[in-house]
Amino acid sequence: VQLQASGGGLVQPGGSLRLSCTASRTIQSMGWYRQAPGKQRELVAMLTGGDNTLTADSVKGRFSISTDDAPNTVQLQMNSLKPEDTAVYYCHAISFGSSYWGRGTQVTVSS
């Protein structure tokens, strides 16, 4: 499975960004992790099948994950961004028991 991610960039605190990720074939779950400098990679949000969603407490109420009309595509809408959201964001998917990672995309929140 190949994961194609888009979005990210530089935004001021309080701003918004949208990340999108498309898988090359059917997946059972897909979402986003992030890794800030000097920190471990952590879950941001994940769609796990059906209407089930996992969202990190640190982003609840600000970030939302949803499917797109395009097949095998999810989007992460990030609102009210904070400097501590600055990280490399990685798309992740699980397909038939195997785990896949996309190339990271940088999100920088700074004035």
Considering all heavy atoms of both residues, which atom of [X] and which atom of [Y] are nearest to each other, and what is their separation?
X: L19; Y: G8; answer: CD2-N, 3.1 Å
X: I27; Y: A93; answer: CG2-CB, 3.9 Å
X: R25; Y: S95; answer: NE-OG, 3.9 Å
X: A23; Y: V1; answer: CB-CG1, 4.0 Å
X: S16; Y: S80; answer: OG-N, 4.4 Å

Inset, instruction - Look at the side chain of Q35 and the backbone N and O of A87, then say whether any donor-acceptor pair between them is shorter than 3.5 Å. - result: no
Is it possible for you to say whether [X] and [Y] belong to one hydrophobic cluster, with membership spreading through side-chain heavy-atom contacts below 4.5 Å?
X: L43; Y: V88; answer: yes
X: Y100; Y: Y89; answer: yes
X: M78; Y: V59; answer: yes

Inset, instruction - Determine whether more than 12 heavy atoms belonging to other residues, nucleotides or ligands lie under 6.0 Å from atom CD of Q28. - result: yes
Legend entry - Heavy atoms of other groups near Q40 CD, more than 12 under 6.0 Å: no
Nearest 0.5 Å, please: how far is [atom2] in [Y] from [atom1] in [X]?
X: C91; Y: R103; atom1: SG; atom2: CZ; result: 13.5 Å
X: Q77; Y: L17; atom1: CD; atom2: CG; result: 8.5 Å
X: Q106; Y: T86; atom1: CD; atom2: OG1; result: 7.0 Å
X: T108; Y: Q12; atom1: OG1; atom2: CD; result: 13.0 Å
X: M30; Y: Q75; atom1: CE; atom2: CD; result: 10.0 Å
X: L81; Y: S110; atom1: CG; atom2: OG; result: 12.0 Å

Legend entry - Intermediate values then yes/no, side chain to side chain contact (heavy atoms under 4.5 Å, CB included), F63 and I65: CA-CA 7 Å; F63 292 12; I65 188 169; over 6 Å; no
Legend entry - Set of residues satisfying side-chain hydrogen bond (donor to acceptor under 3.5 Å, both in side chains) with respect to R62, sequence neighbours excluded: D85
Inset, instruction - Mind jotting down which residue pairs meet the ring pair (Phe, Tyr, Trp, His ring centres under 6.0 Å) criterion with at least one end in residues 21-52? Sequence neighbours excluded, please. - result: Y33-H92, Y33-W101
Inset, instruction - Please examine the side chains of V109 and V107, heavy atoms only from C-beta on, and report whether any two atoms are closer than 4.5 Å. - result: yes
